[in-house]
Amino acid sequence: MRRLLPYAPDVTDLTSRPGQNETAPAGADEDLWSLEALADAYAYPAGVGDADRPWLRANMVASVDGAARLDGLSDGLSSPADKRIFGVLRALADVVLVGAQTVRAEGYRPAMARAEFASERAARGQGPAPVIAVVSRSLDLDLTLPLFTSPKVPTVVVTAEAAPADALAATRRVADVVVAGEEQVDVGRAVAALAERGWTRQLTEGGPRLLGQLAEADRLDELCLTLAPLLAAGDAPRIAHGSKSIAQRMELVGLLEEKGFLFARYARSVKIAQ
């Protein structure tokens, strides 16, 4: 793995321009593959840690022509380095926000407690593993899955007041339920509710519909995007899908490469007027 764009991972303002806080020349020969180095490269910005300043980052993968899935799943676009970064991003997070459709399609399991990160998580006041928070208006969930029956930390389900009563009661028996919104889930309120519980280092893994909703709600602070060296074509969705077009400027603050895969980190900048 090599660094194409250097930046200082401990800067407090991730919206500073690329190259402004360089720590090493581009392409420097350093062990970026180690878990420690990746944790430094993807550290949350300093100052995150209270309900008034949550930081929501997304971790997504896409083909070079913009497909978010290959044969219906994101795994076909992944690589060993992508999976390693996936694990590091989870290990840094308090909570992982994910849509119900992605949970069903990708066969989500509980987040693991990683021994390599145990002391750092304890020092930050985090639990042994991040909480998985599933967003679902319909509560069409398989509650017999390990995600609900044997998580390391209790799974959270985010839903709306209009959720089916029977399904809501069943869900409450196996998960911690957060109600955010009336007829539909209000993702802005959901993010705020999670932050109020102390989960300010937030991560979303999509899917495209949830990421689109978060972007529309102006809640996305950062995008970690793996670009796979594959041309997918077909009718797969792009990584963010919503009901309206937005134009949120993101600054490129980090770029790594491994065997043709690019690992980009973009941070919130300014929003372009429509």
Side-chain angles (χ1 to χ4, degrees), residues 14 42-45 48 51 53-62 68-69 73-75 77-78 82-83 85-112 126 129-137 141 147 151 153 155-160 175-176 178 180-181 184-227 237-243 246 248 250 253 263-268:
L14 284 182
Y42 286 95
Y44 279 85
V48 172
R53 196 186 173 196
W55 185 269
L56 176 63
R57 66 165 40 138
N59 182 30
M60 302 293 286
V61 61
R69 298 172 189 150
L73 298 173
S74 63
D75 190 63
L77 298 170
S78 187
D82 176 59
K83 294 180 189 301
I85 291 172
F86 176 94
V88 168
L89 293 181
R90 280 196 167 194
L92 296 174
D94 298 324
V95 61
V96 180
L97 195 62
V98 62
Q101 183 177 345
T102 298
V103 167
R104 291 189 290 265
E106 304 280 352
Y108 258 60
R109 300 184 64 83
M112 297 185 301
Q126 294 174 304
V131 174
I132 303 294
V134 183
V135 179
S136 177
R137 157 62 173 82
L141 302 167
L147 181 61
V153 292
T155 294
V156 168
V157 174
V158 182
T159 192
D176 185 5
V178 172
Q184 301 295 330
V185 175
D186 182 327
V187 294
R189 287 172 57 181
V191 167
L194 297 176
E196 288 172 1
R197 295 179 177 222
W199 301 328
T200 54
R201 299 174 184 87
Q202 300 178 352
L203 171 67
T204 181
E205 295 167 353
R209 193 166 121 191
L210 177 60
L211 184 57
Q213 291 172 341
L214 289 165
E216 287 177 8
D218 197 25
R219 287 290 182 165
L220 188 65
D221 297 299
E222 181 181 339
L223 172 64
C224 298
L225 176 64
T226 296
L227 192 63
R238 57 200 231 188
I239 64 167
H241 178 75
S243 59
I246 65 169
Q248 179 179 323
M250 305 291 281
V253 296
F263 306 95
R265 187 181 182 191
Y266 294 90
R268 174 192 291 274

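Predicted, not measured: the structure shown is a model, and the values here were computed from it.
A 6.0 Å sphere centred on OH of Tyr266 holds no more than 12 heavy atoms belonging to other residues, nucleotides or ligands.
Under the salt bridge (Lys or Arg N to Asp or Glu O under 4.0 Å) criterion, no residue pair touches residues 98-109, with sequence neighbours excluded. Residue pairs meeting the salt bridge (Lys or Arg N to Asp or Glu O under 4.0 Å) criterion with at least one member in residues 203-212, sequence neighbours excluded, are Arg90-Glu205.
Considering all non-hydrogen atoms of both residues, Ala195 and Thr200 come closest at O-CG2, 4.1 Å. Nearest heavy-atom pair, Val187 versus Ala217, reported as atom, atom and distance to 0.1 Å: CG2-CB, 3.8 Å. In this structure, Met60 and Gly207 approach most closely via the heavy-atom pair CE-C, 4.3 Å. Pairing each heavy atom of Arg219 with each of Ala192, the nearest pair is NH2-CB, 4.3 Å. Heavy atoms only, all atoms of each residue included: Val153 and Ala129 are closest at CG2-O, 3.7 Å. Contact detail for Leu97 and Val135: the closest heavy-atom pair is CD1-CG2, 3.6 Å.
By the side chain to side chain donor-acceptor pair (under 3.5 Å) test, Asp94 is found to be paired with Gln126, residues two or more places apart in sequence or in another chain being considered. For Thr204, there are no side chain to side chain donor-acceptor pair (under 3.5 Å) partners, not counting sequence neighbours. Applying the salt bridge (Lys or Arg N to Asp or Glu O under 4.0 Å) criterion to Asp186, with sequence neighbours excluded, gives no partner residue. With sequence neighbours left out, the side-chain contact (heavy atoms from CB on, under 4.5 Å) criterion links Leu89 to Tyr42, Arg57, Asn59, Ile85, Leu203, Cys224. Residues satisfying the side chain to side chain donor-acceptor pair (under 3.5 Å) criterion with Asp82, sequence neighbours excluded, are Ser78, Thr226. By the side-chain contact (heavy atoms from CB on, under 4.5 Å) test, Ala193 is found to be paired with Val178, residues two or more places apart in sequence or in another chain being considered.
Going from atom CG of Leu73 over to atom OG1 of Thr102 covers 10.5 Å, rounded to the nearest 0.5 Å. Note that the CZ atom of Arg189 and the CD atom of Glu196 stand 10.5 Å from one another [nearest 0.5 Å]. The CD atom of Gln248 sits 9.5 Å away from the CG atom of Leu223 when rounded to the nearest 0.5 Å. Taking CD of Gln213 as the reference point, atom CG of Leu211 lies at 9.5 Å (rounded to 0.5 Å). If you take CG on Asp221 and CZ on Arg268, they are separated by 5.0 Å, rounding to the nearest 0.5 Å. Atom CZ of Phe86 and atom CG of Asp75 lie 10.0 Å apart (nearest 0.5 Å).
Between Arg238 and Pro208, the closest side-chain pair of non-hydrogen atoms is not below 4.5 Å. The closest side-chain heavy-atom distance from Val156 to Val95 is not below 4.5 Å. Two residues are said to be in side-chain contact when any heavy atoms from C-beta on lie closer than 4.5 Å; Leu194 and Val131 fail this criterion.
Although no hydrogens or angles enter the test, the distance criterion places no donor-acceptor pair under 3.5 Å between the side chain of Arg201 and the main chain of Ala43. Although no hydrogens or angles enter the test, the distance criterion places no donor-acceptor pair under 3.5 Å between the side chain of Tyr44 and the main chain of Pro54. Judged by distance alone, with hydrogens and angles left aside, the side-chain atoms of Gln202 form a donor-acceptor pair with the main-chain N or O of Val191 at under 3.5 Å. Between the side chain of Thr159 and the backbone N or O of Ser136, at least one donor-acceptor pair lies under 3.5 Å.
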Using the side-chain contact (heavy atoms from CB on, under 4.5 Å) rule, take Leu147 and Val134 through it: C-alpha gap first, then chi angles, then the decisive distance, then the call.
CA-CA 10 Å; Leu147 181 61; Val134 183; 4.0 Å; yes
